[in-house]
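Worksheet: one structure, shown below.
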2 protein chains.
Amino acid sequence: MNLRDLRYLLAVAEHEHFGRAARACGVSQPTLSVQIRKLEDLLGVVLFERGGKVAAPTAACRQLLDHARAAVAAAEAVLATARSLRDPLAGRFRLGVIPTLAPYLLPLVFGPLREALPALELEPWEDQTAALLERLRAHELDAVLLATDETAPDLMGVPLFAEPFMAALPPEHPLAAREAVAETDLARDILVLSDGHCLRDQALEACGQTTALGAALRASSLTTLLNMVAAGYGTTLIPGLAAGAAQDAGIVLRPLTTWTGRTIRIVWRAHFPQRPAAEAVGEVIARRLRGYTESTAATAA
Amino acid sequence: MNLRDLRYLLAVAEHEHFGRAARACGVSQPTLSVQIRKLEDLLGVVLFERGGKVAAPTAACRQLLDHARAAVAAAEAVLATARSLRDPLAGRFRLGVIPTLAPYLLPLVFGPLREALPALELEPWEDQTAALLERLRAHELDAVLLATDETAPDLMGVPLFAEPFMAALPPEHPLAAREAVAETDLARDILVLSDGHCLRDQALEACGQTTALGAALRASSLTTLLNMVAAGYGTTLIPGLAAGAAQDAGIVLRPLTTWTGRTIRIVWRAHFPQRPAAEAVGEVIARRLRGYTESTAATAA
DNA sequence: GGATCCCGATAGGTGGCGCCTATCGATATC
DNA sequence: GATATCGATAGGCGCCACCTATCGGGATCC
């Protein structure tokens with residue numbers, strides 16, 4: 001049985017006339033007669049009483065009409081829904097963001113994203129790199145914003161902007177007197193985030209260290225880390241976009257003597273069909289941050 | 001778009017694997033790949049993300065699945081309903097019966113009909129011949145029980161049984177003393193039903209008359225007519241099946257000297273597809289009344 | 001790191017079937 | 001009895017769903 005057959009059935013039932021129903025369906029009358037006949041054979045039920053002036057639906061036919069209508073309507077709904085989903089820049093877009101980036105980047109880009117991609121329903125999801133990649137591969141996220149450079153054959157992505165690291169010092173710290181700070185100078189009393197944060201590894205690498213101050217002091221969030229620095233527990237490296245939050249916490253910020261930082265990328269599955277949406281989101285973020293990166297570079301210079 | 005396409009869509013979405021979905025659908029994997037691809041082109045939407053270990057439904061696809069399921073389910077409902085309607089001796093059967101027959105015949109045949117045709121939902125409808133034929137031609141009735149012999153090219157039917165007329169007399173009437181009564185003897189003071197009842201015309205014809213006693217006295221129902229006879233207003237001819245009701249009303253019944261009566265037929269539209277049901281109903285009624293007719297004939301003889 | 005396996009896509013060929021036009025048979029109308 | 005209308009039938013054509021065979025890519029395994 002076919003949707004076409006059901007449409008023919010509905011047409012004849014409505015018009016009670018094969019010729020007119022055929023015209024309404026855009027086919028010839030013999031076509032309709034044959035198809036209805038086949039449908040009757042298939043169903044084992046006589047659908048129409050021919051011979052009078054009209055082709056009257058039988059009682060059995062009337063009992064089938066509602067189901068037939070429902071089937072045709074549902075099929076139409078598939079088409080209509082598909083039409084509304086056709087725009088790749090529309091629909092839900094679940095974007096994973098690492099915790100050391102999300103609170104500082106998202107406020108900057110929500111506005112431009114809404115403006116540039118009004119039909120895209122952005123759903124941010126905050127987690128650490130490994131968890132984000134797991135969710136991405138499980139199709140629970142559409143794309144992720146990462147600060148690491150690893151590449152995988154099943155994933156692809158593009159760099160969006162470079163985010164410089166800055167030295168974060170307690171106001172009374174000796175290094176706070178300098179214009180710029182060398183990473184190695186921070187190594188002595190640097191504080192880092194807890195395991196799993198990519199920023200932790202990057203900060204340690206920048207300082208040429210592999211271990212940091214006492215494990216008990218490892219902060220589980222950047223906010224906590226900033227509060228610890230402000231309280232004089234030690235120093236740290238923070239990503240540039242967190243500068244505002246750091247200053248609010250009463251921390252002294254100093255550029256590094258040689259540019260050091262991380263590159264933020266947007267990453268999606270290699271076969272992700274909504275790739276245009278991922279690229280568009282990346283483009284909007286990159287454009288919004290272009291000026292920021294340049295001005296920061298200028299300040300550091 | 002086709003129901004088959006939707007089934008394929010559902011299969012791939014369920015198995016998340018083209019090969020297994022193909023096996024489940026009973027087609028080859030290339031067939032499924034091509035058809036899904038065509039569906040994607042038609043809808044303008046990518047339905048599955050290929051390339052990983054699994055073929056994962058996209059977000060757009062998931063939004064279509066419910067509609068697709070509804071369409072397939074409705075189509076299945078058409079088939080299932082048709083299967084249950086396949087028996088021509090099942091379903092609603094609207095049977096028109098004339099008023100001078102219905103109250104006396106139906107109690108006799110309801111039982112046998114329920115027993116012989118348990119799946120047939122009999123819906124009796126009582127009205128005069130002309131109205132019944134109108135409703136029959138308008139497909140508002142499936143068959144009618146008539147006492148007239150007219151035939152029409154768009155109708156057909158079979159005789160079921162012959163119903164003798166009997167003379168109905170007030171107890172004190174002079175003719176009540178006789179064993180049998182001649183129709184012509186009744187002519188003097190015969191009462192008849194109102195216009196539209198076929199029994200009216202048949203009674204008048206049997207007596208060789210075309211007019212009857214005063215128009216004001218024309219009874220609108222056989223019950224009223226019997227009451228009028230019992231009250232001494234006059235005589236009448238009644239159909240044999242009403243004998244019981246007549247005697248209950250205190251009327252004297254006498255056979256006619258020469259057999260006179262009417263033939264009850266069941267009539268349906270010439271193109272009525274449920275003809276087997278009409279014939280079966282007729283058969284049950286005829287069989288139930290066979291003994292009656294013979295015994296009546298024996299009584300009259 | 002080459003061989004192997006698994007996945008979905010592609011190519012080429014074939015049969016079924018839905019569609020057409022032309023025509024018929026039956027029925028209703030004048 | 002001639003005409004018009006309706007649905008059924010006949011014959012032919014072209015599309016398309018289906019098959020088998022094969023390909024290309026990616027993961028896995030000695």
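Residue numbering restarts at 1 for every chain, and letters A, B, ... go by the order of the sequence lines. Computed from a predicted structure; not experimentally measured.
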Calculate the interatomic distance between [X] atom [atom1] and [N] atom [atom2]; express it in whole Å.
{"X": "B:L3", "N": "D:dA17", "atom1": "CG", "atom2": "P", "value": "13 Å"}
{"X": "B:D154", "N": "C:dA28", "atom1": "CG", "atom2": "P", "value": "6 Å"}
{"X": "B:I36", "N": "D:dC18", "atom1": "CD1", "atom2": "P", "value": "11 Å"}
{"X": "B:L39", "N": "D:dC16", "atom1": "CG", "atom2": "C1'", "value": "15 Å"}
{"X": "B:H15", "N": "C:dC7", "atom1": "NE2", "atom2": "P", "value": "13 Å"}

Using a 4.0 Å heavy-atom cut-off to protein, can you give one letter per nucleotide of nucleotides 9-27 of chain C, 5' to 3': B if the base is in contact, S if only the sugar-phosphate is, - if neither? BB-------SSBBB-----
B:L122 vs B:L117, side chain to side chain contact (heavy atoms under 4.5 Å, CB included): CA-CA, chis, key distance, verdict: CA-CA 9 Å; B:L122 204 68; B:L117 305 166; over 6 Å; no
Among B:V97, B:I98, B:L95, side-chain contact (heavy atoms from CB on, under 4.5 Å) partner for B:L132: B:I98
Output yes when a side-chain donor or acceptor of B:E40 lies under 3.5 Å from a complementary backbone atom of B:F48, and no otherwise. yes
With axes from five pairs an end, tell me the bend angle of the helix from C:dG1-D:dC30 to C:dC30-D:dG1, nearest 10°. 20°
[X] bridged to [Y] by N-O distance under 4.0 Å:
{"X": "A:E123", "Y": "A:R135", "answer": "no"}
{"X": "A:R69", "Y": "A:D66", "answer": "yes"}
{"X": "B:R137", "Y": "B:D154", "answer": "yes"}
{"X": "B:E121", "Y": "B:R92", "answer": "no"}
{"X": "B:E76", "Y": "B:R7", "answer": "yes"}

